[in-house]
Amino acid sequence: SGGGSGNRPGSAHGPVSPDTLFLRDEAFIGDPSKDTWGEVIGAREEQMLLSRGNHVYIDVKPGFEPQIGQQITLFEALRKPESVDGARNPPGEIVRIKGTVKITDFDPKKKIASAEIVEAVDAIERGTKIGDVERKYRVVPPTTSVKTVWARVLTSVHPHVYKGQNQLVFIDRGSEDGLAIGNRLLVVRRGDSWRKSLVTATRSARDSINIDSPAPADARTTNLRRDDKDFPEEIIGELRVLKVSRYSSSAMVAESQKEIVVGDRAVAREGY
């Protein structure tokens, strides 16, 4: 989520606690329609992909009058969060921040604004929305959970199979469930990881050569006993909540010993 972590006692924010995260908003789950002021419909430069320093023309919706010098966020709605077994389907869409424009001119009759792109975190194209979407640096120290909350990992900005350290993820619990910014969730997994990998493997994946047998190419099959529910839960990572909605939250993978996948369970324990 575009940022670093660590203790910065000499920062502009003053003394901070260990493990404080410094970062900038990248994405969230919300309602993009309520924040949309308009959209990019053209550019001065003859190019399809726009970036910092380019000048764009914005079709402004009725009821909005941007001011000269005002900075407004560029964003796009990606998709609704994927359905995950055992998880809540939170309302809203995944909204990705694309950058920032600075208004240089506005024609109130034509409702057309001119603006300069002053920040671009991704390529910007015609059709990109603008609006009063929160776009700021965050200082997120760890905070103690007031209650125990279980959640599931839903997805990330890019629908990768695996989620790793410093990557932004979305979970299916929010303020309605008792989560708050800075809460830490332990990602836990139960079972034999190798055994789970056999689901998409061939039947011979359990076979190995019996080197103690005098017969040539003598193979033996690994015996699998007990079920995953009989194994203890192991902690494989930790998430830090960055932003909360009523029914979902954005979180950064602060630490991971294994790749985190969609559907993984995470718990914010009371007092931790």
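Side-chain atoms are counted along with the backbone in the values below, which use heavy atoms only and exclude waters and symmetry mates.
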Among all residues two or more places apart in sequence or in another chain, which pass the salt bridge (Lys or Arg N to Asp or Glu O under 4.0 Å) test with Glu65?
none
Using the test side-chain contact (heavy atoms from CB on, under 4.5 Å), find all partners of Gln257 that sit at least two apart in sequence or belong to another chain.
Glu255
If two hydrophobic side chains count as joined below 4.5 Å and joins carry through other members, does Ile235 share a cluster with Val253?
no
Using a 4.5 Å side-chain heavy-atom cut-off and chaining through intermediate ILVMFWY residues, the residues clustered with Val146 come out as none
Kindly write out the residues that satisfy ring-ring contact (aromatic ring centres under 6.0 Å, His included) with His158, not counting sequence neighbours, or none if the list is empty.
His160
Residue set satisfying salt bridge (Lys or Arg N to Asp or Glu O under 4.0 Å) with Asp31, at least two apart, ordered chain then number -> none
Less than 4.0 angstrom from a charged side-chain N to a carboxylate O is my criterion; do Arg189 and Glu234 meet it?
no
Please, which pairs that meet salt bridge (Lys or Arg N to Asp or Glu O under 4.0 Å) have at least one residue in residues 99-113, sequence neighbours excluded?
none
Salt bridge (Lys or Arg N to Asp or Glu O under 4.0 Å) against Glu238, all qualifying residues, sequence neighbours excluded:
none
I'd like to know if Lys98 pairs up with Glu76 as an ion pair, taking the criterion as any Lys NZ or Arg NE/NH1/NH2 lying under 4.0 Å from an Asp or Glu carboxylate oxygen.
yes
Listed partners of Phe64 passing ring-ring contact (aromatic ring centres under 6.0 Å, His included), at least two apart
Trp37
My understanding is that a hydrophobic cluster links ILVMFWY residues whose side chain heavy atoms are under 4.5 Å apart, including indirect links. Using that, what else belongs to the cluster containing Leu49?
Met48
Sorted by first residue and then second, give each ring-ring contact (aromatic ring centres under 6.0 Å, His included) pair with at least one member in residues 74-131; sequence neighbours left out.
none
Listed by chain and number, what are the salt bridge (Lys or Arg N to Asp or Glu O under 4.0 Å) partners of Lys129, not counting sequence neighbours?
Glu39
May I have the list of side-chain donor-acceptor pairs in residues 172-188 shorter than 3.5 Å, sequence neighbours left out?
from: Asp172; atom 1: OD1; to: Arg152; atom 2: N; distance (Å): 2.8
from: Asp172; atom 1: OD2; to: Arg88; atom 2: N; distance (Å): 2.9
from: Ser175; atom 1: OG; to: Ser245; atom 2: O; distance (Å): 3.3
from: Glu176; atom 1: OE1; to: Arg246; atom 2: NE; distance (Å): 3.4
from: Glu176; atom 1: OE1; to: Arg246; atom 2: NH2; distance (Å): 3.2
from: Asp177; atom 1: OD1; to: Arg88; atom 2: NH2; distance (Å): 3.0
from: Asp177; atom 1: OD2; to: Arg88; atom 2: NH1; distance (Å): 2.9
from: Asp177; atom 1: OD2; to: Gly174; atom 2: N; distance (Å): 2.9
from: Asn183; atom 1: OD1; to: Ala180; atom 2: N; distance (Å): 2.9
from: Asn183; atom 1: ND2; to: Thr143; atom 2: OG1; distance (Å): 3.1

